[in-house]
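See below for the structure under consideration.
Throughout, numbering of the chain's residues begins at 1 and tracks the sequence. This is a predicted model, so every value here is computed, not measured.
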Amino acid sequence: MKKHIQFLVAFILFTSLYYSCNYKEEDYIFLGKSRYITSFSDTLFLKGEKVTIENMGAINIDIIDSFLVFSSGSLDTFYNVYSKYTYQHCGNFIPQGRGDNELPTISYPIFWSNEKGHSLIYLDDRATGTIKAWDITQSCAKRTTVFSPTPIDISPVPGFQALYPLQGSVYFLHGRDYNTMNDYYALYDESKKQYSILDTVYLYPSGSVDDVFLLNTFKSFNPSQQKYATAMQFFNQINLYSLKNPHKHYSLIVGKHPTHLEEVKTTAMPEKFEYYEDLTSTSSFLFAVYANRSRKDWALLENVPTEIQVFDWDGNARYLIQTQEKLASIAIDEERKLLYGMTLAETVYKYDIATIL
């Protein structure tokens with residue numbers, strides 16, 4: 001009888017340990033290998049310097065060449081632009097509408113390029129099925145919105161999410177297939193109006209149209225290394241995809257366990273956890289704003305510190321940045337080694353990150 005009890009206790013302990021350490025296959029949703037992040041090489045506590053500029057209604061901040069660019073969906077124009085050197089106001093651009101130099105809805109920068117001294121920001125125009133190149137240099141010089149006359153035609157692409165130039169008319173494409181409720185990565189040749197799928201992104205898709213928003217991500221692309229990163233808003237992971245090497249597809253899971261897909265689906269909206277709020281990058285590093293709070297707490301709590309996780313493009317955890325200010329959007333000025341952050345109240349701060357860059 002005593003041996004029977006000992007065996008039973010041992011069996012229960014083994015079973016509990018097994019299920020606490022081994023998750024169902026469907027808990028790992030990204031196509032890459034799972035890599036658990038439990039610590040960072042170094043922790044930096046940064047003190048912010050407030051930047052005095054007016055950017056009412058702004059919900060996103062970007063550094064585009066020599067410009068500080070703020071996106072806003074609540075004003076008559078979608079973009080507010082400043083010089084990053086002097087903070088002089090360059091103007092408000094892109095009015096809402098369907099004209100040649102307008103957009104029907106707000107569109108966040110997909111990528112930017114510098115062509116013959118002109119900084120071009122590429123924006124998605126869903127109404128026309130194109131990506132328009134906004135000439136920010138010309139716009140600031142003329143104090144009016146100027147678009148390049150040659151948009152990129154993405155009308156053949158289903159469920160467009162992101163697009164990045166590779167060579168000639170060929171682009172790396174992130175799309176969404178609403179028939180399978182899954183995302184896909186592809187190569188898109190605009191000259192031929194054809195795309196070829198490289199990979200399906202998630203092993204276990206969302207399951208329904210109502211749940212597709214759970215796959216929302218913040219995106220960055222490294223053109224020199226041809227690597228693509230997505231930080232998931234509702235899952236505690238960053239997905240790294242290598243166009244050159246399938247063995248370097250990684251799911252960087254923060255903590256000891258992946259986020260359960262079913263738990264995300266069934267948790268009520270105010271209590272649903274948000275993990276990542278923004279992602280930006282340099283040629284060497286990824287910078288990700290990590291909230292790790294319920295949607296309700298993230299929206300309502302004030303004076304809470306921000307955690308910015310820094311990874312290299314090989315998926316190694318490098319730095320953990322902590323600020324006293326609660327930052328919702330960030331941008332990197334690689335030239336001057338500065339990090340800019342904007343709070344939910346639209347206050348802008350800058351931080352010296354010379355020790356990183």
Side-chain angles (χ1 to χ4, degrees), residues 53-84 89-115 118-165 169 171-176 178 188 190 193 195 212-213 216-221 230 233 277-280 328-331 342 346 348:
I53 53 178
E54 294 291 336
N55 55 327
M56 289 183 59
I59 52 179
N60 197 64
I61 180 174
D62 285 285
I63 301 285
I64 309 292
D65 203 0
S66 60
F67 302 100
L68 267 173
V69 181
F70 297 92
S71 312
S72 172
S74 59
L75 302 178
D76 293 335
T77 51
F78 291 128
Y79 281 93
N80 194 10
V81 180
Y82 291 83
S83 164
K84 76 173 186 181
H89 187 229
C90 300
N92 294 347
F93 302 102
I94 311 185
Q96 183 175 2
R98 296 181 179 273
D100 291 339
N101 292 325
E102 300 174 335
L103 288 177
T105 58
I106 189 171
S107 174
Y108 302 108
I110 303 169
F111 65 91
W112 72 275
S113 66
N114 192 302
E115 300 177 15
H118 287 219
S119 296
L120 303 179
I121 304 176
Y122 289 81
L123 304 167
D124 176 20
D125 185 356
R126 300 292 172 103
T128 62
T130 63
I131 294 177
K132 289 184 174 181
W134 170 31
D135 190 329
I136 189 171
T137 304
Q138 283 274 64
S139 297
C140 287
K142 296 182 177 181
R143 295 284 177 166
T144 187
T145 302
V146 178
F147 278 99
S148 170
T150 54
I152 303 169
D153 181 12
I154 56 168
S155 58
V157 176
F160 171 79
Q161 298 292 309
L163 193 81
Y164 301 92
S169 63
Y171 297 83
F172 171 70
L173 167 68
H174 178 181
R176 179 164 294 160
Y178 285 94
Y188 174 59
E190 192 211 3
K193 303 297 185 287
Y195 67 95
V212 163
F213 80 97
N216 183 42
T217 58
F218 303 94
K219 308 165 181 67
S220 276
F221 186 72
T230 55
Q233 186 172 12
E277 297 297 333
D278 200 9
L279 177 71
T280 191
S329 179
I330 59 172
M342 185 173 65
E346 304 163 23
V348 178

Hey, does [Y] have a side-chain heavy atom less than 4.5 Å from the side chain of [X]?
X: Glu54; Y: Tyr82; result: yes
X: Asp65; Y: Trp112; result: yes
X: Phe160; Y: Leu173; result: yes
X: Ile154; Y: Tyr171; result: no
X: Tyr79; Y: Leu123; result: yes
X: His89; Y: Asn80; result: yes
X: Ser71; Y: Ile106; result: yes
X: Ile94; Y: Phe147; result: yes

Are any side-chain N or O atoms of Glu190 and backbone N or O atoms of Asp153, one a donor and one an acceptor, separated by less than 3.5 Å?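 Checking the backbone N and O of Asp153 against the side chain of Glu190, a donor-acceptor pair under 3.5 Å is found.
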
Does Asn114 CG have over 12 foreign heavy atoms under 6.0 Å away?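 Yes - once you tally the heavy atoms of other residues, nucleotides and ligands closer than 6.0 Å, there are more than 12.
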
Parallel, tilted or perpendicular: which describes the rings of Tyr164 and Phe111, with under 30° parallel and over 60° perpendicular?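 Ring orientation of Tyr164 relative to Phe111: tilted.
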
Can the ring centroids of Phe221 and Phe172 be said to lie less than 6.0 angstrom from one another?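 Yes, they do, as the ring centres are separated by less than 6.0 Å.
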
Measuring from atom CD of Glu102 to atom CD of Gln96, what distance do you get when rounded to the nearest 0.5 angstrom?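 These two atoms lie 9.0 Å from each other.
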
Pick one: which of Asp62, Ile136, Ile64 meets side-chain contact (heavy atoms from CB on, under 4.5 Å) with Val81?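 When Asp62, Ile136, Ile64 are each tested with Val81, the side-chain contact (heavy atoms from CB on, under 4.5 Å) holds only for Ile136.
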
Give every residue pair that meets the side chain to side chain donor-acceptor pair (under 3.5 Å) criterion with at least one member in residues 130-144, sequence neighbours excluded.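 Residue pairs passing side chain to side chain donor-acceptor pair (under 3.5 Å), neighbours aside: His118-Asp135, Asp125-Lys132, Thr128-Thr130, Trp134-Ser139.
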
